[in-house]
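To keep things clear, I will list the structure first and then write my remarks on it.
All chains are named by letter (A, B, ...) in the order of the sequence lines, taking the proteins before the strands, and each is independently numbered beginning at 1. Computed from heavy atoms alone, side chains included, the values below leave out hydrogens, waters and symmetry copies.
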Protein chains: 2
Amino acid sequence: MTTIGDVAKAAGVSRSTVSYALSGNRPISRETRERIDAAISELGFTVNAGARALATSQTMVLGLLLQFHEDEFPPAMLQYILAVSDAARELGYDILMVTDGDGPGAIRRITSSNMVDGVVLLDVTHDDPRLEALRQARQPGALVGLPRDTEGLDVFDLDFGEAARLIVDHLYGLGHHDIVLVSPPRHVFERGGAYAWRFRDAALERAARYGIRIHAHYGESQQPGIERSLNAILDTRTDATALIVHNDASIAALPGVLRERGTVVPRDLSVVSLYSRDFGRTFLLPYTAVETSPDGLGRKAVQHLVRRIAEPAYGPPVVGFIEPELTDRGSTA
Amino acid sequence: MTTIGDVAKAAGVSRSTVSYALSGNRPISRETRERIDAAISELGFTVNAGARALATSQTMVLGLLLQFHEDEFPPAMLQYILAVSDAARELGYDILMVTDGDGPGAIRRITSSNMVDGVVLLDVTHDDPRLEALRQARQPGALVGLPRDTEGLDVFDLDFGEAARLIVDHLYGLGHHDIVLVSPPRHVFERGGAYAWRFRDAALERAARYGIRIHAHYGESQQPGIERSLNAILDTRTDATALIVHNDASIAALPGVLRERGTVVPRDLSVVSLYSRDFGRTFLLPYTAVETSPDGLGRKAVQHLVRRIAEPAYGPPVVGFIEPELTDRGSTA
DNA sequence: CTGAAAGCGCTTACAG
DNA sequence: CTGAAAGCGCTTACAG
């Protein structure tokens, strides 16, 4: 492999001069710079990332921790991954993606060995066991998903409470007062998927305030059972005039279920959900919905993390909520 | 940060002894080893990955290159990513995931800077521009997807020709002689998605041999248009008794389309497709299908790559086809 | 504007 | 069974 020493020799300068030419950290005369550039392109030189990392204590790599819950609908995850990866690259960082079953162990491994400059956690739960490991790391961390205790970490999430209020207000404004809510599966609540109850509780509270009724049910997220569960819920609540679906797998299955039931939206039933534009596009979902912004969340997490890496004390930890926006696709009346 | 020197000092030995104790590359007396272990756990020492990489020229990281084609159905991709990531971890490797738009540039960047010991390419096309960059790298590469020229690279793919023959044989054996094939979109053929024509051409050839008819159509892969395109194809071919769908987006949409048309499978139409067990599970697909084995392909690619890293000349490049297997789900008659 | 030297934290022949 | 030293390929004060 060709090193900075080879370049220095070819250009007739010292290694430090080549290094400074590379980094731009001190002025270099025009002719010296030209000789160095010529040598670099002639020899096809690239800085060795490991050596640079050792010398600078910066790897220019971010850790990205994923965990796959059985109770989650896989297609939604990819959008977060891409958003994080793209945002990182734009800021000059690469992504070390870890899908380890043992999240805390994986965090300790990549942080204590200094493989990364910072860590992004996806799919954070209420009492996420990875947070402790992340707090003990010397690298900063950014979360997508709101845990119980946000201390010492930058956190980004959709404001699910506000999303619920937005949706309930929308339906109430249209005159609905008997509404069915399909939540994530019971198991998501039990394992601490806080987005599930943040949404549900806010919706119920808002409904109580208006004196209207919301019937909350657990939906399914795994086949077989999604369609069956939706049908069972709809069978139970024939008097409801509106349906809120906060469940990726269920909303993806809803068009088929409603078609089969002969239910026409919004004539027979108003439908509102939460999903990203891309998700809706993939599954051809025609419903009015709150945009979940995986792209915005992923980007924000990365941007703050990089800022925090550059400037460890740039301020107290941030808890950033994305303001929900309702995209009206005409599925309510 | 605590270094190997701190451990050596605490244990009262030299740094080299600590290093050998860590690697096991030479015998250490029991009591020395115990003192070292005690010091390590007391100080919470972890080897610095960058420094080790610099000294050994091994990063223990594999590059994983993804590219997102507009004409692809996103949900299928995640399975490959997970398979590669899990297989790598089992062999002691981490994954540097690169989603750069500029594939060849990304390969040059991560290989020439020695960030990775090897590279896995997903979603390889017939004339994939990334291959040239990969061949010029000093690290070995493994591909998922068969390109025109496999020289110097380990390649793994489903045997799409054999899959086509398997499916045609199956349908021919059941007495079908008028069959519709929904292929990937035209655009996939044009940009060199070889799996598309490998499957189609083999199916047509086999049909010709049996003297039966296969009508090949391009399907869509993006909304809106998937359902419409399926309906248009089915409207054109009302005399066909069997449908082969080689198109992820179309097969995911098929149940809804057939329900709407009132077509009962297999009474009115036999259906065969290609998809993975997980994909079928996510979309509740009840069709007899060739298993596409993203897990098996991902694992194989990683295993061979790691083998090749350890032993650069362990043999000539491998082109490994996964034998297709038909999972009978009763959707043909 | 440039160079010589120390140092980042490891590994591994070389010696004993 | 163990240690002293060189080396991996960089960066960056220190000096001039």
Could you state the atom-to-atom distance from [atom1] of [X] to [atom2] of [N] in whole Å?
X	N	atom1	atom2	answer
B/Ile4	D/dG3	CD1	C1'	13 Å
A/Gln58	D/dC10	CD	P	17 Å
A/Asn25	D/dC14	CG	C1'	16 Å
B/Asn48	D/dG9	CG	C1'	14 Å
B/Asn114	D/dG9	CG	P	9 Å

In terms of side-chain heavy atoms of [X], which of [options] is nearest?
X	options	result
A/Ala55	C/dC8, D/dA4, C/dG3	C/dC8
A/Met1	D/dG9, C/dC10, C/dT2	D/dG9
B/Tyr20	D/dA6, D/dT2, C/dA13	C/dA13
A/Ser16	D/dT12, D/dA4, C/dG9	D/dT12
B/Arg52	C/dT11, D/dC14, C/dA4	C/dT11
A/Ser29	C/dT2, D/dA4, D/dC10	C/dT2
A/Leu54	D/dT2, D/dT12, C/dG9	C/dG9
A/Thr32	C/dC14, C/dT2, D/dG9	C/dT2

To the nearest 0.5 Å, how far apart are CZ in A/Phe45 and CD1 in A/Ile36?
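That separation rounds to 10.5 Å.
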
Contact class for B/Thr46 vs. all strands (heavy atom < 4.0 Å): base, sugar-phosphate, or nothing?
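Counting heavy atoms under 4.0 Å across all strands, the contact made by B/Thr46 is with sugar-phosphate only.
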
Students often get this wrong, so: under 4.0 angstrom with heavy atoms, is B/Leu22 touching a base, only sugar-phosphate, or nothing?
nothing

Are the side chains of A/Asp128 and A/Leu143 in touch, meaning some heavy atoms are under 4.5 Å apart?
no

Does B/Arg26 make a side-chain donor-acceptor contact with the base of C/dT12, cut-off 3.5 Å?
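Looking at the base of C/dT12, it does not pair with any donor or acceptor on the side chain of B/Arg26 (distance under 3.5 Å).
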
Please tell me if A/Thr17 has a side-chain N or O lying less than 4.0 Å from either OP1 or OP2 of C/dG3.
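Yes.
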
Taking OP1 and OP2 of D/dT11, is either one under 4.0 Å from a side-chain nitrogen or oxygen of A/Ser19?
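The answer is yes; a side-chain N or O of A/Ser19 sits under 4.0 Å from OP1 or OP2.
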
In Watson-Crick or G-U wobble terms, with both distances under 3.5 Å, the base opposite D/dA15 is C/dT2

Map B/Thr56 and A/Arg33 onto DNA chain C by nearest heavy atom, then report which one ends up closer to the 5' terminus.
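It is A/Arg33 whose nearest nucleotide is closer to the 5' end.
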
Should we count CZ of B/Arg277 as having more than 12 external heavy atoms under 6.0 Å?
no

Would you indicate whether B/Glu311, at its atom CD, is surrounded by more than 12 heavy atoms from other residues, nucleotides or ligands within a distance under 6.0 Å?
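Count over threshold, so yes.
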
Nearest atoms (heavy-atom pairs only) where A/Leu65 meets A/Val119
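Between these two residues, the closest heavy atoms are CD1-CG1, 3.6 Å.
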
